[in-house]
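I have placed the structure first, in the form of structure tokens, so that the comments after it can refer back to it.
Along the sequence shown, residues carry numbers from 1. As the structure lists them, so they are numbered: ligands from 1, and atoms in each ligand from 1.
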Amino acid sequence: MIYADNAATTKMSEAAIRTMVSLINDTYGNPSSLYTFGQQAKEVLEKAREDVASVIGASAKEITFTSGGSEADNQAIRSVAELGRKKGKKHIISSAFEHHAVLHTLQKLEKEGYEVTLLDVHENGIIRPEEVEAAIRDDTCLVTIMYANNEIGTIQPIREIGAICRKKGVIFHTDAVQVVGHLPIDVDADNIDLLSASGHKFHGPKGVGFLYTRKGIRLTNLIEGGAQEKGKRAGTENVPGIAAMAVALKEAEATMEKVSARVQEKRDRLIKGLREIPHSALNGDEVCRLPGNVNFCFEGIEGESLLLLLDDKGIAASSGSACTSGSLDPSHVLLAIGRVHDVAHGSLRLTINEDTTDEDVDYIIESVKEVVEYLRGFSPIWRDLQAGKKEFIL
Ligand SMILES: *Cc1c(COP(=O)(O)O)cnc(C)c1O
């Protein structure tokens with residue numbers, strides 16, 4: 001099988017697996033216990049906190065471990081919303097193409113009396129900092145903009161957006177789940193106040209992530225109970241998972257430069273190959289995009305059928321978020337960058353990584369060409385397009 005869905009999840013690294021197994025076997029004490037066996041687990045936990053912090057230029061005290069990216073997003077947004085409420089500031093700025101962990105939290109807050117401005121994403125999938133600035137009001141408490149989009153891979157001008165927020169005295173959160181472990185991040189240089197990350201997107205385990213919170217910003221609990229994580233996230237810590245995540249992140253940091261250059265080269269070859277398919281288009285900016293992300297629309301076909309036929313050929317890919325939710329709506333991300341419904345339905349996301357070989361890239365190109373042609377062969381939309389009853393958009 002060729003695994004080309006690394007934006008959905010990644011394979012755990014050998015070192016992360018070894019770390020996890022060894023801790024499960026040998027260091028299973030509760031880090032809150034006072035005897036030595038518990039304190040050994042506590043040491044592992046705090047070492048992981050330091051390691052994770054060091055990779056993003058933070059200090060260990062600013063890291064809260066969570067169950068993943070979704071929880072970190074929820075906690076970040078809810079916490080700042082609460083701080084805002086206390087000051088009578090109930091306006092939040094975000095974008096139309098955020099992850100649902102952000103969008104659905106914001107929808108809930110709207111029901112609780114907050115006002116949310118979702119910024120437009122332009123055709124290239126990049127938010128303009130000046131539009132963030134223009135949207136900021138006296139009662140704005142939070143700007144939350146993702147570092148890079150999980151579907152189309154576009155990287156946002158986070159440093160500029162952060163600088164604007166700092167200037168205006170507004171707290172800035174970024175969902176950096178697709179970027180941590182893939183590209184260098186420095187929370188100080190990037191002017192970030194809160195940042196969400198998830199272990200399983202960088203070869204760590206699933207169900208574990210972290211939230212960076214700049215010193216001085218008070219978190220609100222989502223989970224009440226014990227005093228773990230300085231009382232901000234109750235529940236016995238997932239020490240094996242957390243330590244394995246930290247190992248995976250340190251590994252990713254050490255190889256980042258080389259890996260991203262290599263992956264980017266393969267990505268560009270994949271893009272070049274798929275562009276040869278008539279009436280196709282790359283989604284999102286070609287340059288400001290994650291090293292491993294390729295996202296295309298092919299006119300006249302259904303992304304889901306494409307996906308299933310590629311699966312038959314041994315390729316694991318994604319067609320956007322629609323099929324997972326079982327809804328007929330096309331991806332909100334593709335709609336946000338201005339793709340019309342028909343075109344957005346025919347989308348394909350391939351997210352490759354360092355394990356993807358040149359032969360894999362060739363095979364993917366060949367297979368997608370074959371399957372798109374096959375599907376167009378009996379697509380009523382394609383027939384109408386060919387007959388001139390419908391206008392080509394791409
Ligand atoms: C995967 C992902 C999440 C959710 O992370 P989980 O750890 O799966 O909860 C949030 N945001 C983005 C951008 C993601 O890609």
Side-chain angles (χ1 to χ4, degrees), residues 3-12 16 52 56 63-78 94-108 118 121 125-127 144-156 158 161 173-183 185 192 194-212 222-223 233 235 238 241-242 244-246 248-249 252 283-284 288-295 316-325 331-334 336-337 349-353:
Y3 185 71
D5 202 14
N6 286 283
T9 196
T10 59
K11 183 183 179 189
M12 272 180 77
V52 161
I56 58 165
I63 303 296
T64 308
F65 291 118
T66 67
S67 67
S70 300
E71 185 185 334
D73 282 340
N74 275 256
Q75 189 167 17
I77 293 168
R78 288 240 163 234
S94 188
S95 79
F97 77 161
E98 296 295 313
H99 191 272
H100 284 127
V102 169
L103 288 177
H104 290 171
T105 303
L106 294 176
Q107 279 166 17
K108 277 210 158 165
L118 293 186
V121 183
I126 296 174
I127 291 159
T144 171
I145 305 275
M146 68 200 318
Y147 208 125
N149 184 271
N150 48 303
E151 287 188 37
I152 57 173
T154 49
I155 301 166
Q156 306 304 314
I158 288 303
I161 294 170
H173 165 252
T174 187
D175 173 342
V177 171
Q178 290 291 333
V179 180
V180 172
H182 297 274
L183 296 171
I185 293 183
I192 294 164
L194 296 101
L195 172 147
S196 307
S198 172
H200 74 103
K201 303 291 175 81
F202 52 78
H203 304 291
K206 293 168 185 55
V208 55
F210 64 90
L211 172 61
Y212 155 78
L222 298 182
I223 300 171
R233 206 275 180 178
N238 173 7
I242 289 168
M245 167 172 72
L249 187 54
N283 292 311
C288 279
R289 77 187 295 132
L290 291 168
N293 179 293
V294 174
N295 189 315
S318 157
S319 78
S321 53
C323 55
T324 54
S325 62
S331 143
H332 71 287
V333 174
L334 296 178
I337 62 167
R349 180 185 73 182
L350 297 155
T351 41
I352 59 171
N353 74 358

Discussion item. Suppose we measure from atom 7 (O) of ligand 1 to each protein heavy atom; which comes out shortest, and what is that distance?
Written reply: S198 OG, 2.6 Å
Worksheet entry | Within-cut-off N or O pair, A7 and ligand 1, under 3.5 Å | no
Practice prompt. Could you list which atoms of ligand 1 come closer than 4.0 Å to a heavy atom of M146?
Written response: 13 (C)
Fill in: Polar atom proximity, E71 to ligand 1 (N or O, under 3.5 Å)
no
Discussion item. Could you check whether any side-chain heavy atom of I242 comes within less than 4.5 Å of a side-chain heavy atom of V52, counting everything from C-beta outward?
Written reply: no
Discussion item. How far is atom 14 (C) of ligand 1 from the closest protein heavy atom, and which atom is that?
Written reply: K201 NZ, 3.1 Å
Fill in: D175 and T144, any side-chain heavy atoms less than 4.5 Å apart
no
Fill in: Heavy-atom pair of closest approach, residues S94 and I145
C-CD1, 4.0 Å
Worksheet item: For the residue pair G125 and Q156, what are the closest heavy atoms and their distance?
Response: O-NE2, 2.9 Å
Worksheet item: Tell me, which protein residue and heavy-atom name are nearest atom 9 (O) of ligand 1, and how many Å apart are they?
Response: S70 OG, 2.7 Å
Worksheet entry | Identity and distance of the protein heavy atom lying nearest atom 6 (P) of ligand 1 | G69 N, 3.4 Å
Worksheet item: Only one of L249, T9, N353 clears side chain to side chain contact (heavy atoms under 4.5 Å, CB included) with H203; which?
Response: N353
Worksheet item: Of the protein's non-hydrogen atoms, which lies at the shortest distance from atom 11 (N) of ligand 1, and what is that distance?
Response: D175 OD2, 2.6 Å
Discussion item. For L195 versus H173, what's the shortest heavy-atom pair and its separation?
Written reply: N-CD2, 4.0 Å
Worksheet item: What residue and atom, counting heavy atoms only, is the protein's closest point to atom 3 (C) of ligand 1, and at what distance?
Response: H99 NE2, 3.4 Å
Worksheet, complete the sentence: So the atoms of ligand 1 within less than 4.0 Å of a heavy atom of G68 turn out to be 7 (O)
Item to complete: Please report the closest heavy-atom contact between A96 and L118, naming both atoms and the distance.
Response: N-CB, 4.2 Å
Item to complete: May I ask you to identify the nearest protein heavy atom to atom 8 (O) of ligand 1, giving residue, atom name and distance to one decimal place in Å?
Response: H200 NE2, 2.9 Å
Item to complete: Evaluate the ring planes of F65 and F210, with Trp represented by its six-membered ring, and classify them as parallel (under 30°), tilted (30 to 60°) or perpendicular (over 60°).
Response: perpendicular
